[in-house]
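Whatever order the structure lists ligands and atoms in, that order sets their numbers, starting from 1. Residue numbers run from 1 in the order of the sequence given. Computed from a prediction, not measured in an experiment: that's the story for all the values here.
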Amino acid sequence: MSSVYEKYHLKQVINASGRMTILGVSTPAPEVVESVSYGLNHYFEMKDLVNHTGDYIAGLLQAESAVVVSCASAGIAQCVAGVIVKDNAWLLDNLHAAPLTVPHEIVVPKGHNVNYGAPVGTMVALGGGRLVEAGYSNECSAAQLAAAITPATAALLYVKSHHCVQKSHLSVAQAAEVAQQHGIPLIVDAAAEEDLRCYYQMGADLVIYSGAKAIEGPSSGLVVGRSRCVEWVKRQSNGIGRAMKVGKEGILGLTQAIERYLSQPKTSGSEMVQHMTPFIDQLNQLPGVTARVVWDSAGRDIARTEIHFDEALTGWATGDLVQALKNGDIAIYFRGYKANESIIEADVRSVTAAQLQTIFSRIDALLAERNNA
Ligand SMILES: *Cc1c(COP(=O)(O)O)cnc(C)c1O
């Protein structure tokens, strides 16, 4: 449907940057699109749709309970609201109406108080919580996390993400132990993580995933957890959850995407290497360009192409080159956060062989511009 690009004056995009919200995250498989379409075309008793798909997902993940939400951010806000409001009917209707007298502090390791595109703290505040940081920006042990707990604490929040400080921070299992010792729930934001079971198995009470990232579903989110806590989250659909409602199409689409994600063999790192090798060989023939395979720094089985530019030879500041690639007729997006070290990375999982050729031609052309100057 290239007409959509024409009709709204949009640029075509080659996404060599991975699952990026600013580019539309992912492109779900046909069977997921079919489920979305089925959802849009039928009526359901919505309460049953929510409960029965949740039970189905929980069965797949060997967890007590689950519920589909509109995105991971909504999951954080509703989990926070859930652990504060619990079964209190008055609070459900009046979460933000008056200062809270029930426990509403959410303790988070300081190195997990990140901005993933929006601040974690904003979602906590939406849910009526007050963020309390534990430890320091470069360290948070189990003891430091425990030290921040008071009678006003409603829950612990652990953000499992490459965005967070990894150094000298406690593990999810350690956080779960602290939560259990203090009789409070542990919420884990695992939005972009690939393992849909392990954090629950480590003892988290509520685990949140983004539906469109690793799972490659439609815009949606997943909350998996203990029944009692998930029931609290579900109740929020009559509270703050109404402002972040997920549609029937999102519920059915994500449920299908989860089933597919668990059964489909994943593209292995070595397959990615095979896919990118001709691209790397081509790049290495350009003056001032060195390309090689690098492996995911978080230890996942993901290989990427690292491209190093000798700026003296290319005549380009690497940051400007990254920008020029975005500005072309076809917008090409790389992982550019190492541009200040003259390095860019390509995540080739969503890039076809033909698109790799387009990327190569574009880099070749941009470098040639400067060589002639
Ligand atoms: C992407 C992300 C989110 C938000 O996910 P959405 O589904 O876009 O709301 C939250 N936390 C972390 C760590 C993320 O990476």
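- Inclusion of Tyr116 in the set of residues having an N or O under 3.5 Å from an N or O of ligand 1 is not warranted.
- Taking the six-membered ring for Trp, Tyr56 and His52 have ring centres at least 6.0 Å apart.
- A donor-acceptor pair shorter than 3.5 Å cannot be found between the side chains of Thr305 and Arg292.
- The parts of Ala72 lying near ligand 1 are both backbone and side chain, judged by heavy-atom distances below 4.0 Å.
- Any N or O atom pair closer than 3.5 Å counts here, and Lys213 shares at least one such pair with ligand 1.
- A donor-acceptor pair under 3.5 Å is formed between the side chain of Ser70 and the backbone N or O of Met244.
- When heavy-atom distances to ligand 1 are checked against a 4.0 Å cut-off, Ser161 comes that close only through its side chain, counted from C-beta outward.
- A salt bridge links Glu216 to Arg19: one of the charged nitrogens lies within less than 4.0 Å of a carboxylate oxygen.
- Considering backbone and side-chain N/O atoms, Ala74 never comes within less than 3.5 Å of an N/O atom of ligand 1.
- In this structure, Glu34 contributes its side chain and Glu31 its backbone to no donor-acceptor pair below 3.5 Å.
- Counting the atoms of ligand 1 from 1 in the order shown, those under 4.0 Å from a heavy atom of Ala191 are 2 (C), 3 (C), 10 (C), 11 (N), 12 (C), 14 (C).
- Close N/O approach between Ser73 and ligand 1 is found [any backbone or side-chain N/O within under 3.5 Å].
- Of all non-hydrogen atoms in Ile14 and Ile359, the two that sit nearest each other are CG2-CD1, 3.8 Å.
- Closest to atom 8 (O) of ligand 1, if we only count protein heavy atoms, is Ser210 OG, 4.1 Å.
- Where the criterion is an N or O separation shorter than 3.5 Å, residue side chain and backbone included, Asp189 meets it with respect to ligand 1.
- Figure legend: Arg304 and Phe334 shown without cation-pi pairing, the cationic atom not lying both under 6.0 angstrom from the six-membered ring centre and within 45 degrees of its axis.
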